[in-house]
Colleague: 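Quick one: the structure is below, and I'll ask about it shortly.
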Number of protein chains: 2
Amino acid sequence: MKLRYAVLGLLSLEPHSGYDLGRAFAGSVAHFWYADQSQIYRLLDDLDAEGAITTEVVRQNGRPDRRVHSLTETGRHELDDWLRSPLDVQRPKNAFLARLFFAGSLGPDHIRRILDEAEQLVTDSREQLRTIEHSATTLDEVIQNATLQFGLSHAETTLTWIAETREAVASFERGTPDD
Amino acid sequence: MKLRYAVLGLLSLEPHSGYDLGRAFAGSVAHFWYADQSQIYRLLDDLDAEGAITTEVVRQNGRPDRRVHSLTETGRHELDDWLRSPLDVQRPKNAFLARLFFAGSLGPDHIRRILDEAEQLVTDSREQLRTIEHSATTLDEVIQNATLQFGLSHAETTLTWIAETREAVASFERGTPDD
DNA sequence: GTCCTATATAGGACTTTTCAAGTATGAGTT
DNA sequence: AACTCATACTTGAAAAGTCCTATATAGGAC
């Protein structure tokens, strides 16, 4: 139940409404987590019932009320426990790599098409990462900036790898496969 | 339902039993997909019922029977359709980055501990990737090798990034934050 | 002889995630 | 006046994924 900790974490930085959280998962933290809004609101209900967060209704002029949630001591404690617990092994799921892995039977042209498509997606996501504002004056900002840098570095690595893979396919076609 | 395509893909390379698939997801394709054993067997039942795969019982001496599954024309067609369909945007879930992102309040020492732990996991997974055999004499092998290389490149990038992040944290501690 | 590991499959019970639709408010637009 | 958009939250249903236990066979270690 990692979403639980991602939400507690975001609330530890500052109070959020469900809607705010939804936008965070679509933007500022999208490079490492995503959640559907229906999941977010249901989780917030649970967290509130358990006493991990509090809820305050904030009236707005010209817009629906916001239900703004803050971390309680209990919630803060639960977050800390998670932050201190051992990391478990990641089990990546990468649909793009899966597709590439099995695409051999469709031939080199199709592989190139898949690589082109991936290049476009990675370029786009890199641009999206670049729009996320960052500074590094507090420790929080230093590490948040680092996670952003992680995304950017991996995007660059992917782009380089795409070029290399294109070359490996071309090389195979020329009849001089390189290992 | 990506697991479905991963299974169809593996069966397109050669017939597998449920057990074989489980080992593939724990080994040769673990760098891009994983599935629990119970999920695999249930999916195989579905695929068989739908006619996407066939099942042949193979008796073994000294071991339980194997139920070996092969792709049918229908299954092959479904796999091809998926391979030709547009890639959808990836929504990464990275528990390690999530943890780091929120770990600021625990201080620099704890951040270093998280980075150390991550370094160990990445080093281990890189070693595991290196044990996967690879050659590049067929097109299938060229691209399968490329997905392996993807994992290795990203592991290297992560290790470099860990070192940089350690330095950013140290630099912050010395009172000279770099952006 | 008991224990551990590996092979091989099955199923219950549950949690997590996604998809889809719907409610409501008000601002700006055509 | 009807429409579209953004904000803000809710609910039903299904799909996907996890955890755990159970069944059965057999080799090797202790």
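These figures come from a predicted structure and were not determined experimentally. Residue numbers start from 1 in every chain, and the chains themselves are labelled A, B, ... in the order their sequence lines are given, proteins ahead of strands.
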Colleague: Do NZ/NE/NH1/NH2 and the carboxylate oxygens of B:Arg130 and B:Glu156 come within less than 4.0 Å?
Modeller: yes

Colleague: Scan A:Arg42 against the nucleic acid and name what it touches under 4.0 Å (heavy atoms): base, sugar-phosphate only, or nothing.
Modeller: base

Colleague: So if I take every side-chain heavy atom of A:Leu3 and compare against C:dT17, C:dC19, D:dT10, which nucleotide ends up nearest?
Modeller: C:dT17

Colleague: Does OP1 or OP2 of C:dT17 have a side-chain N or O of A:Gln39 closer than 4.0 Å?
Modeller: yes

Colleague: Could you state the atom-to-atom distance from CG of A:Leu43 to C1' of D:dC9 in whole Å?
Modeller: 15 Å

Colleague: Would you mind classifying the nucleic acid contact of A:Arg4 as base, sugar-phosphate or nothing, using non-hydrogen atoms under 4.0 angstrom?
Modeller: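 Result for A:Arg4 = nothing.
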
Colleague: Measure CZ/B:Arg66 against C1'/C:dT9 and give the value in whole Å, please.
Modeller: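 Result: 12 Å.
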
Colleague: Quick one: CZ on A:Arg42 to CG on A:Asp45, what's the gap to the nearest 0.5 Å?
Modeller: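 The CG atom of A:Asp45 is 9.0 Å from CZ of A:Arg42, to the nearest 0.5 Å.
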
Colleague: Using five pairs at either end of the helix from C:dG1-D:dC30 to C:dT30-D:dA1, determine the angle between the two local helix axes and round it to 10 degrees.
Modeller: 20°

Colleague: For B:Ser38 and A:His69, find the nucleotide of DNA chain D closest to each by heavy atoms; which residue's nucleotide sits nearer the 5' end?
Modeller: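 With B:Ser38 and A:His69 compared, the 5'-side residue is A:His69.
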
Colleague: Within this structure, what is the CZ-to-P distance between A:Phe25 and C:dT17, rounded to whole angstrom?
Modeller: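 Distance, rounded to whole Å: 10 Å.
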
Colleague: Using modelled atom types only, decide if a donor and an acceptor are shared between the side chain of B:Arg99 and the backbone of A:Trp82 within a distance under 3.5 Å.
Modeller: yes

Colleague: Give B:Lys93 one of three labels, base, sugar-phosphate or nothing, depending on what nucleic acid heavy atoms sit under 4.0 Å from its own.
Modeller: sugar-phosphate

Colleague: Using a cut-off of less than 4.0 Å, is there contact between a side-chain N or O of A:Tyr19 and OP1 or OP2 of D:dC9?
Modeller: no

Colleague: Rounded to the nearest angstrom, tell me the gap between atom OH in B:Tyr41 and atom P in C:dA10.
Modeller: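 Taking atom P of C:dA10 as the reference, OH of B:Tyr41 is at 7 Å.
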
Colleague: Find the distance A:Leu47:CG to C:dT16:C1' and express it as a whole number of Å.
Modeller: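 Interatomic distance, CG of A:Leu47 to C1' of C:dT16: 14 Å.
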
Colleague: Before accepting this row, confirm whether a basic side-chain N of the pair A:Asp88/A:Lys2 lies closer than 4.0 Å to the acidic partner's carboxylate O.
Modeller: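 Between A:Lys2 and A:Asp88 there is a salt bridge, with a charged N closer than 4.0 Å to a carboxylate O.
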
Colleague: Pick base, sugar-phosphate or nothing for B:Gln60, based on heavy-atom distances below 4.0 Å to the nucleic acid.
Modeller: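 Since only primed, P, OP1 and OP2 atoms lie under 4.0 Å of B:Gln60, the category is sugar-phosphate.
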
Colleague: Over how many whole Å does the gap from B:Asp36 atom CG to D:dT21 atom P extend?
Modeller: 14 Å

Colleague: Check the distance between D:dC9's C1' and A:Asp46's CG and give it to me in whole angstrom.
Modeller: 15 Å

Colleague: Let me know the distance between CG of B:Asp20 and P of C:dT7, rounded to the nearest Å.
Modeller: 10 Å

Colleague: As a test of understanding, state which of A:Trp33, A:Phe150, A:Phe32 forms a ring pair (Phe, Tyr, Trp, His ring centres under 6.0 Å) with B:Phe101.
Modeller: A:Phe32

Colleague: With a 4.5 Å cut-off on side-chain heavy-atom distances among I, L, V, M, F, W and Y, is there a chain of contacts connecting A:Leu83 to A:Val89?
Modeller: yes

Colleague: Taking a hydrophobic cluster as the set of Ile, Leu, Val, Met, Phe, Trp and Tyr residues connected by side-chain heavy atoms closer than 4.5 Å, whether directly or through intermediates, do B:Tyr5 and B:Leu71 fall within one such cluster?
Modeller: yes

Colleague: For residues 21-35 of chain A, which residue pairs pass the salt bridge (Lys or Arg N to Asp or Glu O under 4.0 Å) check, not counting sequence neighbours?
Modeller: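 Of all non-adjacent pairs touching residues 21-35 of chain A, those that pass salt bridge (Lys or Arg N to Asp or Glu O under 4.0 Å) are A:Asp20-A:Arg23.
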
Colleague: With a 4.0 Å cut-off on heavy atoms, is A:Arg59 in touch with a base, just the backbone sugar-phosphate, or nothing at all?
Modeller: nothing

Colleague: On a plain distance test, is the side chain of B:Gln37 in donor-acceptor contact with the base of C:dA10 below 3.5 Å?
Modeller: yes

